[in-house]
Each structure stands twice: as C-alpha cells, then as structure tokens.
**Q** 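The structure is given below, and queries will be raised subsequently.
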Amino acid sequence: MTEVTIGNGRATSFWSDNWSGEPLRKRWPLLYEVSRRKNRTVADAINGDHWLMDLRGRISLPLLADFVALRQVVLDCDIDPDSEDSFRWKSDNQYFCPLCRCNLETPAHLFAECPWARQVWERTALLFHCPAIGAPDGDDRALSWAVTTLEASDKRAASLIILVAWEIWRERNRRVFCNKELTVSGLSHLIADEAYSWVLAGARHLVRRE
Ligand SMILES: [Zn+2]
C-alpha cells in the first residue's frame, strides 16, 4: 500500500488512494457506492465540488454523517498546483496486491513474489530469450536478483528488468485508478511492443536473439 502526499492532486485517485489516512472508499463505503464517478483524481473531484455532484440517490441519516465527515476531509486538503503528488510505500500495510488480490502489497511482493507478476517475468524471459530475468526465487525478498542483474554488464537484461518493472507498476496503477486490467499475456505483448519502440529509439541491445 502506498501513502500519498497531495501536491496538485492530478496523479491521485480520490476514492481509491490513501491520501487522507485511509482510502475514502474503505472509510465511507456507502458514499462510494452512491458516487456515480469513482475514478476521479483528487484534483478533479475537489475542483468545482465534483465529488459532491457525483453523489446520487436518497441521502439517509448514516450517509449524511459520512457526507459531513468527507466534506471536512475535502476542506482540509491543500492542493498545491506547483508540486506533484508524492507516493511512498507504507510498510505496515493492510491492503491487497491489485495484481493477484491474495497477498498484501509490498514492493518485494509486487515486483518479485507476486504469482501474477512472476508469470509476466517468465513470459518476457521466454519471449526475449533472456533467462536472466526469469521468475525470481519466491524467497528472495530483497529483490537481490534484480540488483545483481542490474549491476552485471548485461545491458540488455538490465533494460528488460527496468521495462518489465515499469510495466508491472503501470498495470498496478491501471487497476487501481482506472478499474481496467490486462491479462498476463496482454501485458507481455505490451512489453514486447514497448521493447521494440525502445529499439527504434536507439536501445538496440533489446533486439531479440533467435
Ligand atoms: Zn500479487
């Protein structure tokens, strides 16, 4: 789980990210349920009181109390148009990995231990004939396999590690922010496409060895 410090509010999900102690959809599930726009960013929700106009349905008494509490959170939120939102990992997280949905989300889990992410690493290793980036050992909590490969002189494996980790992170965000998801094979193909555009951009060492 990540904690967010709000800057301009443009990279943070109003309902789903942890920018005020707990994701709003977990703290006020009734309000979340009656909101017809669940994907707004903090900037978008607060600007023009969109979060308020998104609420639909009859306002019951418990909902009214929630509403007042949420309004306070919105009033307390300082948007700073000149700075970016900053995300940091929270170690004592209680939240599930959006990729496999059965383990808690930590950096080591997301990039190395997650069974879903491991399938992506494996497929990419096969696709690029690059066993160095194959599924890391499940007990390897320190991501030492990635560090070892990044430090080795294999520029191609190092680039692939960065690319795969980046795409896993983007998939995680796609699920959290957009309620959309790719399959393992969908993401692997996206990584392949992305690798070829890197090649076009000059990273020729990524070219697949047959
Ligand atoms: Zn997972």
Side-chain angles (χ1 to χ4, degrees), residues 1-45 51 54 70 73 84-125 127 133-143 145-146 160-194:
M1 186 63 187
T2 44
E3 248 178 9
V4 189
T5 304
I6 295 294
N8 57 27
R10 287 197 220 125
T12 304
S13 162
F14 180 75
W15 286 106
S16 302
D17 274 324
N18 182 18
W19 57 276
S20 69
E22 191 185 359
L24 300 182
R25 71 174 184 193
K26 291 204 165 70
R27 200 186 310 174
W28 293 301
L30 295 176
L31 286 176
Y32 178 67
E33 209 176 285
V34 300
S35 174
R36 66 192 173 110
R37 288 284 303 274
K38 303 182 198 299
N39 300 332
R40 286 197 195 275
T41 61
V42 168
D44 194 21
W51 70 274
D54 290 341
L70 174 54
V73 167
E84 303 289 326
D85 298 342
S86 64
F87 292 75
R88 60 182 184 282
W89 292 98
K90 205 179 155 192
S91 56
D92 57 338
N93 78 72
Q94 295 294 320
Y95 298 97
F96 287 101
C97 164
L99 301 181
C100 65
R101 302 193 176 87
C102 51
N103 293 92
L104 295 180
E105 187 186 34
T106 62
H109 173 81
L110 190 65
F111 295 116
E113 296 162 1
C114 177
W116 196 95
R118 287 168 64 112
Q119 289 183 60
V120 174
W121 288 108
E122 267 170 55
R123 287 221 187 185
T124 313
L127 206 57
I133 69 156
D137 190 315
D139 295 328
D140 185 355
R141 296 185 159 267
L143 296 176
W145 62 276
L160 277 172
I161 284 180
I162 294 166
L163 177 60
V164 173
W166 168 244
E167 291 298 340
I168 287 174
W169 177 245
R170 285 183 62 197
E171 174 63 13
R172 178 257 177 212
N173 289 345
R174 194 161 20 242
R175 294 178 182 214
V176 173
F177 296 135
C178 309
N179 288 332
K180 286 185 186 155
E181 60 183 81
L182 291 173
T183 59
V184 166
S185 109
L187 188 63
S188 307
H189 284 109
L190 194 101
I191 289 169
D193 288 349
E194 203 53 34

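Each residue takes its place number in the sequence, starting with 1. Keep in mind that this is a model prediction, so the values were computed, not measured.
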**Q** Say you draw a straight line from CG of Leu160 to CD1 of Ile191; how long is it, rounded to the nearest 0.5 Å?
**A** 9.0 Å

**Q** What's the separation between atom CZ in Phe14 and atom OG1 in Thr41, rounded to the nearest 0.5 Å?
**A** 10.0 Å

**Q** More than 12 foreign heavy atoms under 6.0 Å from CD of Glu84: is that the case here?
**A** no

**Q** Determine yes or no for a side-chain-to-main-chain donor-acceptor pair under 3.5 angstrom, with Ser188 supplying the side chain and Val184 the backbone.
**A** yes

**Q** How would you list, by chain and number, every residue that makes a side-chain hydrogen bond (donor to acceptor under 3.5 Å, both in side chains) with Arg123, sequence neighbours excluded?
**A** none

**Q** Calculate, to the nearest 0.5 Å, the distance between atoms CD and CG belonging to Glu167 and Asp193 respectively.
**A** 9.5 Å

**Q** For residues Cys178 and Asn39, report the shortest heavy-atom separation together with the two atoms involved.
**A** O-ND2, 4.3 Å

**Q** Would the distance check show the side chain of Lys180 and the main-chain N or O of Glu171 forming a donor-acceptor pair, the cut-off being under 3.5 Å?
**A** no

**Q** Is a side-chain donor or acceptor of Arg175 paired with a backbone partner of Cys97 at a separation under 3.5 angstrom?
**A** no

**Q** When you measure from the side chain of Arg101 to the backbone of Phe96, do you find a donor-acceptor pair of N or O atoms at a distance under 3.5 Å?
**A** no

**Q** For side-chain contact (heavy atoms from CB on, under 4.5 Å), just list the numbers for Trp51 and Leu31, CA-CA rounded to whole Å, side-chain angles, deciding distance to a tenth of an Å, and then say yes or no.
**A** CA-CA 10 Å; Trp51 70 274; Leu31 286 176; 5.6 Å; no

**Q** Does any part of the side chain of Glu33, heavy atoms only, come nearer than 4.5 Å to the side chain of Pro29, both counted from C-beta?
**A** no

**Q** Test of understanding: with ring pair (Phe, Tyr, Trp, His ring centres under 6.0 Å), list the residues that count as partners of Tyr32, not counting sequence neighbours.
**A** Trp15

**Q** Does the side chain of Thr12 pick up a donor-acceptor pair with the side chain of Asp85 at under 3.5 Å?
**A** yes

**Q** What's the spacing between Arg174 CZ and Leu99 CG if we round to 0.5 Å?
**A** 10.0 Å

**Q** Can you tell me how far CG of Leu190 sits from OG1 of Thr183, rounded to the nearest 0.5 angstrom?
**A** 10.5 Å

**Q** Is any side-chain heavy atom of His109 less than 4.5 Å from a side-chain heavy atom of Pro115?
**A** yes

**Q** Between Arg118 and Glu122 (salt bridge meaning N to carboxylate O under 4.0 Å), is one present in this structure?
**A** no

**Q** Indicate yes or no: does Glu105 engage Arg172 in a salt bridge with an N to O separation below 4.0 Å.
**A** yes

**Q** With the side chain counted from C-beta on, respond yes when Phe87 and Asn173 share a heavy-atom pair under 4.5 Å apart, and no when they do not.
**A** no

**Q** With side-chain contact (heavy atoms from CB on, under 4.5 Å) as the criterion, how do Val73 and Trp28 come out once you've worked through the C-alpha distance, each side chain's angles and the decisive distance to 0.1 Å?
**A** CA-CA 12 Å; Val73 167; Trp28 293 301; 3.7 Å; yes

**Q** Trp116 versus Leu187: any side-chain heavy-atom pair under 4.5 Å?
**A** yes

**Q** Indicate the atoms forming the closest heavy-atom contact of Cys114 with Leu110, along with that distance.
**A** CB-O, 4.0 Å

**Q** Indicate the atoms forming the closest heavy-atom contact of Ser35 with Arg37, along with that distance.
**A** OG-O, 3.1 Å

**Q** Drop me the distance from Asp44's CG to Asp54's CG, to the nearest 0.5 angstrom.
**A** 8.0 Å

**Q** Checking side-chain polar atoms at under 3.5 Å, does Arg25 have a donor or acceptor matched by the opposite partner on Ser13?
**A** no

**Q** Taking the side chain as C-beta and beyond, is there a heavy-atom pair between Phe177 and Asp17 under 4.5 Å?
**A** yes

**Q** Looking at Trp19, I'd like to know if the NZ or CZ of Arg27 sits under 6.0 Å from its six-membered ring centre while staying within 45 degrees of the ring's axis.
**A** no

